[in-house]
A.B. asks: 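Structure in structure tokens, see below.
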Amino acid sequence: MTGTQRRGRKIMMTTGELDDFLTARRTCRVATVSAEGAPHVSALWFVWDGVSLWLYSVVRSKRWAELRRDPRVAVVVDTGEEYEELRGAELSGTVEFVGEIPRTGDLCAELDVPETLFARKYSGLEELTHDGRHAWLRLTPTKVVSWDFRKLGAS
């Protein structure tokens, strides 16, 4: 990751904390921009491989169309109800389209890891079942900002 968090260093997550957090969370919010410049935010399942955030998106969606036109994206993953419990991360950069569109299961070594992680995380299986409606987006973030408000109570 090339971006360095300048503000909020006291509450930012360490690399290990961020990896654990992104691995455990199930839903992210993906922010895209329409051709007219209007923001669009949608919820999506994802997996984190320690380097990239992998998004498995319906290809006939507003999100997909916007990313085809402009692949810049910001993704937020967060949790917490009370102020002192808030934790999260914003990852931003440019998505890459990986594999066939839509994904039907053709061999693609680059997708072996994310598809296995996704199948385990969301269905408890070792292999992803392809529905011919989804395809993969890879975000290798150029900037990550994280926060863990639980650290505010620590000295």
A.B. asks: Over 60° means perpendicular and under 30° means parallel, so tell me whether W54 and W136 are parallel, tilted or perpendicular.
C.D. replies: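 W54 and W136: perpendicular rings.
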A.B. asks: Quick check for you: to the nearest 0.5 Å, what is the distance between D148 atom CG and L18 atom CG?
C.D. replies: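 Between D148 CG and L18 CG, I get 10.5 Å after rounding to 0.5 Å.
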A.B. asks: With a 4.5 Å cut-off on side-chain heavy atoms, are V77 and F46 touching?
C.D. replies: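 A side-chain contact exists here, since the closest heavy-atom pair is under 4.5 Å.
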A.B. asks: Apply side chain to side chain contact (heavy atoms under 4.5 Å, CB included) to residues W48 and L117 and explain how you reach the verdict.
C.D. replies: CA-CA 8 Å; W48 173 250; L117 291 172; over 6 Å; no
A.B. asks: Would a 4.5 Å heavy-atom cut-off, applied to side chains only, mark D78 and L86 as touching?
C.D. replies: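 Result no, sub-4.5 Å side-chain heavy-atom pair not found.
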A.B. asks: Assigning hydrophobic clusters by single linkage (Ile, Leu, Val, Met, Phe, Trp, Tyr; side-chain heavy-atom cutoff under 4.5 Å), is V59 placed with L128?
C.D. replies: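 Yes, V59 connects to L128 through the hydrophobic network.
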A.B. asks: State, to 0.1 Å, how close L139 and S92 come at their nearest heavy-atom pair, and which atoms those are.
C.D. replies: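 Heavy-atom minimum between the residues: CD1-C, 4.1 Å.
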A.B. asks: Which distance, rounded to the nearest 0.5 Å, do you find between the CG of D20 and the CZ of R25?
C.D. replies: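 Here the interatomic distance stands at 12.5 Å.
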A.B. asks: Test T94 against T142 for side chain to side chain contact (heavy atoms under 4.5 Å, CB included), laying out the working first.
C.D. replies: CA-CA 8 Å; T94 302; T142 55; over 6 Å; no
A.B. asks: Kindly compute the distance separating CD (E90) from NZ (K143), expressed to the nearest 0.5 Å.
C.D. replies: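 With rounding to 0.5 Å, CD (E90) is 7.0 Å from NZ (K143).
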A.B. asks: Quick one: CD on E17 to CG on D19, what's the gap to the nearest 0.5 Å?
C.D. replies: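 Rounded to the nearest 0.5 Å, the CD-CG separation comes out at 10.5 Å.
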A.B. asks: Of the non-hydrogen atoms in R87 and F21, which two are nearest, and what is the gap between them?
C.D. replies: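 Closest pair (atom of R87, atom of F21, distance): NH1-CD1, 3.7 Å.
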A.B. asks: Closer than 4.0 angstrom, basic N to acidic O: yes or no for E126 and R120?
C.D. replies: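 Yes, this pair counts.
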A.B. asks: L22 and V113: same hydrophobic cluster, using ILVMFWY side-chain contacts below 4.5 Å?
C.D. replies: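 Yes, L22 connects to V113 through the hydrophobic network.
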A.B. asks: What is the minimum heavy-atom distance between H130 and G105, and which atoms define it?
C.D. replies: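 Looking at all heavy atoms of both residues, the shortest contact is CD2-CA, 3.3 Å.
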A.B. asks: For residues L125 and W45: do they belong to one hydrophobic cluster (side chain heavy atoms under 4.5 Å, members Ile, Leu, Val, Met, Phe, Trp, Tyr)?
C.D. replies: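 No, because L125 and W45 fall into different hydrophobic clusters, even though each may have its own neighbours under 4.5 Å.
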A.B. asks: Restricting to non-hydrogen atoms, name the atom on K151 and the atom on M13 that form the minimum distance, rounded to 0.1 Å.
C.D. replies: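 Smallest heavy-atom distance, with atoms named: NZ-CA, 3.8 Å.
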A.B. asks: From L67 CG over to S61 OG, what is the distance, rounded to the nearest 0.5 angstrom?
C.D. replies: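 Result: 8.0 Å between the selected atoms.
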A.B. asks: Would you name the heavy atoms of G132 and T104 that are closest together and state the gap between them?
C.D. replies: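 Where G132 meets T104 most closely, the heavy atoms are CA-CG2, 4.3 Å.
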A.B. asks: Is there a donor-acceptor contact under 3.5 Å linking the side chains of S52 and R138?
C.D. replies: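 Looking only at side-chain atoms, R138 and S52 do not form any donor-acceptor pair under 3.5 Å.
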A.B. asks: Do V33 and L137 sit in one hydrophobic cluster, given that two such residues count as connected whenever their side-chain heavy atoms are within less than 4.5 Å of each other, even indirectly?
C.D. replies: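 No: no chain of side-chain contacts under 4.5 Å links V33 to L137.
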A.B. asks: Do you know the tightest heavy-atom contact between R63 and L44?
C.D. replies: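 Here R63 and L44 meet closest at NH2-CD1, 3.5 Å.
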A.B. asks: For T32, which of R69, K62, R72, E66 qualifies under side-chain hydrogen bond (donor to acceptor under 3.5 Å, both in side chains)?
C.D. replies: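 Going through R69, K62, R72, E66 one by one, the side-chain hydrogen bond (donor to acceptor under 3.5 Å, both in side chains) with T32 is satisfied by E66 alone.
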A.B. asks: Using the ring pair (Phe, Tyr, Trp, His ring centres under 6.0 Å) rule, pick out the option among F118, Y122, W64 that qualifies with Y56.
C.D. replies: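 Answer to the ring pair (Phe, Tyr, Trp, His ring centres under 6.0 Å) test with Y56 among F118, Y122, W64: F118.
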